[in-house]
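Note that these values count all heavy atoms, side chains included, but never hydrogens, waters or copies made by symmetry. By convention in this document, chain letters (A, B, ...) are assigned in the order of the sequence lines, proteins followed by strands, and residues within each chain are numbered from 1.
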Amino acid sequence: MRFSQLLIPTLKEDPAEAEIISHKLLLRAGFIRKLTSGTYTYLPLGLAAIKKVEQIVREEMNRAGAQEILMPMVQPASLWEESGRWDVYGKELLRFTDRNGRNSCLGPTHEEVITDLVRMNVQSYKELPLNLYQIQTKYRDEARPRFGLMRGREFIMKDAYSFDATDKEAEQSYHKMNQAYHRIFERCGLRFRAVEADSGAIGGSFSHEFMVLADTGEDTIVTCKNCQYAANMEKATCVPASKSKDEPQELTKIETPGKRKVKVVCEFLDIEPRQLVKTLIYIVNDKPVAVLLRGDHEVEEVKLANILGVSDEDLRMADDKEVYDATGTPTGYLGPIGLEIQVVADTEVATMVNFAVGANDKNYHVVNCNMGRDFTPTMTGDVRKVTDNDRCILCGGDLVLTKGIEVGHIFKLGTKYSASMNATFLDAKSQEQPFIMGCYGIGVSRIVAAAIEQNFDKDGMIFPIPIAPVQVLILNLGLKDTEITEAANTIYADLLKKGIEVILDDRDERPGVKFKDADLIGIPFRVTVGKNFNKDGSIEIRTRANGDVTTTTFADSVAEITTMVEKGLNQ
RNA sequence: CGGGGCGUAGCGCAGCCUGGUUAGCGCGCCUGCCUUGGGAGCAGGAGGUCGGAGGUUCGAAUCCUCUCGCCCCGACCA
């Protein structure tokens, strides 16, 4: 490809609309252009990078025994009504009516369609296991699209669905995908962690998220400094503190006028937040529930929902009025003693002795409160967010909180869809059984953005070689010089013959412009044919990632470049 | 959905508060000269219904009302 003929509209300045680095660089380097909020056109270089990722995904999915299909993007409401999601999916599902008045939607995911496909076409356990995938544009009507390709309304996703006859085989399918995902992200040249995610009703460790490590990530992940433990916030647990050995003291009520916030109460009582237990009121399916938590901790709502046996959508914080209605006490003075409603205590609270709580009386707190003696919670369990002061549940090592970008998620679905949609097969005993399913997603377009978040410098992108739009960029710095131009053209043609992907910058621009653009678009190897070629026949090969320059001769250049590219691709 | 900000040339912005000639600047683009190893220089040029609608006024980019779009924080969400 010749640069002069490609649409690569590079920009000198940062576009005002972009906030994070990948968004800025994707726009500046001419990889994407916005059509409207959250939707982008992929220009030649952007599309080339996406195709690289797609190809890696295809190869590894096929290697793992999955088969590629392509499902419709427009889906009938009737299928979603069958699975029960038409009413629960929310506004992210873009719904519309076709000319015949049929309710339809744009597919944000394809569990319904695939389940329908398989129930119509697979009858026997002999046809299992089955794993089908597609690479397709998804549409989710995001509340707030942002960060360019990171969170768009339209995005390219690989989604796979496995169907198995038994639980054991379903777990094997899951593990195959887990391995395939590790291979995929490694091949993409990403620094990532697979973390345990909350799997809701399924239980077990059958949901993993694949997180690219980057400061701009929207998710928080918890990892152990010492061992392999890694989990997302919803799932992460830690070693609870050991039970305090202090002697219980006498419960004492203290006037704390106007002191409502943890910080203020603690200052007034001259104690640390870790010596106070706060009482939060949640509304769970319209009923109030009190949650007891150490003063410096935060509720993890997913854990709370799990322990209560409800969906996290069924639970929310109560507002001030609801708190008063439920407890007869204004917020700020709530405590567990004498509370009539359901009380959930965090595990940590059970280890505390002589802590402060609200007195359930306006302007009063009590100190030296003790669980078991002064009150008894309805249940006790881990309902808080892990902090970076906590210790690893596996090895006791220090936990660290870091930011990540979710690029993949694998999930054992069980029979959620096969049961509701009546998708069954006959087992060896002629018994009808629902398929046991799994689903496995990868954000293809998001990977490109995540790779840039992880690999850039002040001059531009630095693509990992396997997913760079092309591997080599040749700069012809002597367009009007026949010798230079002939040499550049010959190297270009020879590299193409060798199967190396290459762009020749044959634009009538000054060298500085070409160097700047080359850095900006982040092609791994830059080959310069310019005045040094006239002087002593030398040609430079520069590695974008580290700036290393290899000087070679015209005769050796193609072999040298080929070696570097192949080495780069195989490392 | 709540809060905030911004819409003026392809991009980045000034002008608006305090209404008044042909609406500016930088980058980019076109032509010519010149230059050619890190976004050169000179000269000439094209390009804008100032997001849209309504209103106030002799007169609106500027003031008022409505509206559309985009961005940010939060809520929500794989």
Side-chain angles (χ1 to χ4, degrees), chain A residues 7 9-20 23-24 27-30 33-39 88-94 108-111 138-148 150-153 155 157-159 195 197-200 207-211 217-219 232-234 301-302 311-313 315-317 319 404-411 439-443 446 458-460 475-481 484-485 505 507-521 526-535 538-540 542 547 549 551:
Chain A
L7 181 62
T10 58
L11 266 19
K12 280 189 179 179
E13 291 166 292
D14 281 339
E17 70 189 50
E19 195 71 14
I20 63 169
H23 191 192
K24 286 179 182 171
L27 288 165
R28 278 194 58 205
R33 281 297 180 266
K34 182 175 70 179
L35 176 63
T36 183
S37 180
T39 64
V88 298
Y89 203 91
K91 291 185 184 164
E92 258 185 47
L93 183 64
L94 185 64
T109 178
H110 281 69
E111 281 84 3
K138 295 284 190 252
Y139 195 94
R140 294 184 189 172
D141 200 357
E142 284 283 344
R144 183 147 90 89
R146 59 187 130 174
F147 302 149
M150 205 66 91
R151 180 173 288 272
R153 294 194 292 185
F155 56 96
M157 182 169 166
K158 186 282 305 180
D159 48 325
V195 305
D198 177 63
S199 47
S207 179
H208 283 84
E209 293 174 339
F210 291 78
M211 311 289 289
E218 293 186 89
D219 296 299
N232 73 5
M233 251 310 169
E234 284 104 61
E301 295 189 2
V302 172
S311 154
D312 59 343
E313 287 157 20
L315 129 185
R316 61 179 173 82
M317 283 281 269
D319 61 33
I405 301 163
E406 182 193 347
V407 290
H409 194 171
I410 59 177
F411 202 99
C439 70
Y440 316 92
I442 289 182
R446 184 181 274 187
K458 65 174 172 44
D459 294 314
L475 304 187
N476 175 350
L477 296 189
L479 210 62
K480 295 189 179 96
D481 182 305
I484 289 173
T485 298
D505 191 346
R507 294 176 299 168
D508 184 12
E509 292 286 356
R510 297 164 56 86
V513 173
K514 297 191 179 189
F515 286 135
K516 287 290 184 189
D517 276 346
D519 287 345
L520 183 60
I521 66 182
R526 185 189 79 191
V527 177
T528 307
V529 189
K531 69 178 184 191
N532 289 345
F533 180 71
N534 276 347
K535 201 170 17 173
S538 69
I539 284 162
E540 295 105 64
R542 182 171 181 271
V549 176
T551 303

Next item on the list: Could you tell me the separation between the NZ atom of A:K516 and the P atom of B:rG39, rounded to a whole number of Å?
Entry: 7 Å
Check: Quick one: which of B:rC77, B:rC13, B:rU36 gets closest to the side chain of A:K480?
Finding: B:rU36
Margin query: Between the side chains of A:D505 and A:R526, is the shortest nitrogen-to-carboxylate-oxygen separation below 4.0 Å, so that they form an ion pair?
Written below: no
Notebook entry, point to check: Heavy atoms under 4.0 Å, any strand shown: does A:A143 hit a base, just sugar-phosphate, or nothing?
Noted result: base
Margin query: Please determine whether a side-chain nitrogen or oxygen atom of A:S37 lies at a distance below 4.0 Å from atom OP1 or OP2 of B:rC71.
Written below: yes
Notebook entry, point to check: Given B:rG69, is OP1 or OP2 found less than 4.0 Å from the side-chain N or O atoms of A:T36?
Noted result: no
Next item on the list: Determine the interatomic distance between C1' on B:rU8 and the same-named atom on B:rA61; round to the nearest Å.
Entry: 7 Å
Next item on the list: Could you verify whether a donor N or O on one side chain and an acceptor N or O on the other, from A:N534 and A:D481, lie under 3.5 Å apart?
Entry: yes
Next item on the list: Confirm from the modelled atom types if A:E509 and B:rG39 form a donor-acceptor pair under 3.5 Å, side chain to base only.
Entry: no
Check: Rounded to the Å, how far apart are A:L35 CG and B:rG69 C1'?
Finding: 12 Å
Check: Quick one: does A:R144 reach the base of B:rC77 with a side-chain donor-acceptor pair under 3.5 Å?
Finding: no
Next item on the list: Could you tell me the separation between the CD atom of A:E142 and the P atom of B:rC70, rounded to a whole number of Å?
Entry: 15 Å
Check: According to a strict under-4.0 Å criterion, is A:K91 in side-chain N/O contact with OP1 or OP2 of B:rC77?
Finding: no
